[in-house]
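Numbers restart at 1 for each chain; the letters A, B, ... are given by sequence-line order, proteins then strands.
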Amino acid sequence: MSPEFVLETRGLTKEFRGFTAVDSVDLRVQKGHIHALIGPNGAGKTTVFNLLSKFLAPTSGEIIYQGKPITGLQPNQIARLGLVRSFQISAVFGHMSVMENVRVALQRKLGNSFHFWKSERSLEALNERALQMLDEVGLLEFADTLTIELPYGRKRALELATTLALDPAVLLLDEPTQGMGGEDVEMVIGLVRRAAVGRTVLMVEHNLSVVSQLCDRITVLARGAILAEGDYASVSANPLVREAYLGSEAAVIEEAGA
Amino acid sequence: MTNLHIKQDSPVLPPQVVRERQQAAQRRKLWFYLALFGVALVAPLAVYPIFLMKLLCFALFACAFNLLLGYAGLLSFGHAAFFATGGYITGYLLSEYSGLGTELGILAGTLASAVLGLLFGLLAIRRQGIYFAMITLALAQLVFFIFVQAPFTGGENGLQGVPRGQLLGLFDLNDNLTLYYFVLAVFIVGFAVIQRTIHSPYGQVLKAIRENEPRAISLGYNVDAHKLLAFVISATLTGLAGSTKTVVFQLASLTDAHWHMSGEVILMTLLGGVGTVLGPVVGASVVVTLQSYLSNGPLGEWVHVILGVIFVTCVLLFRVGIVGWVLKLAKRNF
Ligand SMILES: Nc1ncnc2c1ncn2[C@@H]1O[C@H](COP(=O)(O)OP(=O)(O)OP(=O)(O)O)[C@@H](O)[C@H]1O
Ligand SMILES: [Mg+2]
């Protein structure tokens, strides 16, 4: 019994037609930590996220959340337990207004999602809270904008606001800074740091400077298996990790030269 | 223009301006619907009521179909089953029980379609895209063959001479004008149910699911159950349209259950503009009008070819359908 670990996997494995994308991973995420999952492209990070959030069923292994096995649950049930994910490709509701994006997340707790006979005015009680959440991520002025018209960085901020509207206990963030310029990256660092207060965060992140600024603990994944684990200093000093990263970079250079 | 200081293409407008614009749009919409209602009230003075009633029944059918395709993103290829079930049940009950009020006959047909919709939905809803279409088609074919064999449907002849009966024991529906206003009322109720559904707390979630299903799941919504509800509502209103059509024509036949009928409603919806409120009404009007004009003229045998050509042209030229295209033009010019 180790109650301080809010999320744990035991021997988590996922095979795609004989190809092992995730190879008996034992991951332990401590409560209150910002925990990074890093690794070269194709290491299996997104697949781990898909397993944790039940978007994929594991080939074998177990997932334990707050001391209880959740391996057999449906993805929407996981979300209701407070384990909420974001996506590598920004996931927003494009043809809804920015405010409605957040509101539809707040709406779930009202339990009126099947009420087709009521006016949508009954949702207006949530507007104030939604605007507040938008304000926290600097999107208040965009509240009435159609979401597809937002620039990319803002969409990611909106995604985070939507996720936080559920008040999750554990946040799974898949590359929140992917495809962002310097200013936006700074913004996301600030957002994650604030979001992490009183919560646990597990994030996939390629930008190592973000990892070093934010994360308490780092797990390095390579070819589906855990290669190293520890704080930033110990992980970055690990020769195996350096090799894994160099190896992939060397491959990229070779490809570019060919 | 009084608001020159606001950049037209800027996404950021003061909330107050946005509110005002929304309210103005609401008012314009209300007037537009009132005008349409006025036209519908006097239409039978100028146009043959039976034709108008046919139009209203198919418009309701297409609107119900559009709720599923346009707002839940589900392409059913089996809606003829619900249209026909409503028609057959209503036709059978009104023929067998002469004292039965017409409204009860229609209600029963509608309920039967709802139950069938639930059955279809439970079997099909987990499938995506083309598999969903295929399963609904297969189930509808099954229903078609049941109607061919079942004793109460009259086989190839169908149910003919279904009595129109009385509405609430008060109004004699054999009078075409009375029946017309009843059918208009049925259409308005069905249309209002769809409008409310789209603009309800449920409608918001449905929209979110259509926009990004994985994201809706990750927010904790049971996506399949929400889709199922849309399917059942759509099937129910389709049944209502079929039942009403049977009362109008005093006929329920295998034509209603044939997969051609499922295809026709897809055509109407796409032609008018999927995911638009009035698109299905316009699409149904165009198709029904063309059918009735062409089939009476020398080109009768070419109805399907002509409809096909119009359909292909529309889909190629304005993929968003007639109403979608008009809305686009309006947006660009105002
Ligand atoms: N549904 C799938 N079917 C087959 N193979 C898959 C599937 N999903 C992922 N894979 C494979 O599993 C491996 C791990 O993919 P994954 O997306 O988890 O990597 P990642 O670490 O997130 O990479 P990136 O940094 O590029 O996002 C890859 O080789 C990928 O091709
Ligand atoms: Mg990934």
For this session: Can you establish whether the number of heavy atoms outside Leu30(B) located under 6.0 Å from its atom CG is more than 12?
Result: yes
Exercise. Arg215(B) and Ser86(A): which non-hydrogen atoms are nearest, and at how many Å?
Worked result: NH1-CA, 4.3 Å
Exercise. If you take all heavy atoms of Tyr202(B) and Phe116(A), which pair is closest and at what distance?
Worked result: CD2-CB, 3.6 Å
Problem set entry | chain B contact via Thr162(A) - which portion, at a heavy-atom distance below 4.5 Å | both
Exercise. Checking heavy atoms, do the side chain of Ile233(B), its backbone, both or neither come under 4.5 Å from chain A?
Worked result: side chain
Exercise. Is it the case that more than 12 heavy atoms not belonging to Phe37(B) sit under 6.0 Å from its CZ atom?
Worked result: no
Exercise. Out of His115(A), Arg85(A), Arg80(A), which one racks up the most heavy-atom pairs below 4.5 Å with chain B?
Worked result: His115(A)
Exercise. Non-hydrogen atoms of chain B under 4.5 Å away: do they reach the side chain of Phe87(A), the backbone, both or neither?
Worked result: side chain
Problem set entry | Student check: side-chain heavy atoms of Ser119(A) and Arg196(B) closer than 4.5 Å | yes
Exercise. Side chain of Gln107(A), backbone of Pro201(B): donor and acceptor closer than 3.5 Å?
Worked result: yes
Exercise. At a heavy-atom separation under 4.5 Å, does Arg121(A) approach chain B through its side chain, its backbone, both, or neither?
Worked result: neither
For this session: Check whether Ala143(A) gets within reach of chain B through its side chain, its backbone, both or neither, counting any heavy atom under 4.5 Å.
Result: neither
Exercise. Is it the side chain or the backbone of Gln74(A) that comes within 4.5 Å of chain B heavy atoms, both, or neither?
Worked result: neither
Problem set entry | Evaluation steps, side chain to side chain contact (heavy atoms under 4.5 Å, CB included), between His95(A) and Asn212(B) | CA-CA 10 Å; His95(A) 293 91; Asn212(B) 194 325; over 6 Å; no
Problem set entry | Toward chain B, the part of Ser113(A) with a non-hydrogen atom under 4.5 Å | both
For this session: Please round to the nearest 0.5 Å and tell me the distance separating atom CD of Glu100(A) and atom CD of Glu211(B).
Result: 10.0 Å
Exercise. Which members of residues 218-228 of chain B, sorted by number, sit under 4.5 angstrom from chain A on a heavy-atom basis?
Worked result: Ser218(B), Leu219(B), Gly220(B), Tyr221(B), Asn222(B), Ala225(B), His226(B)
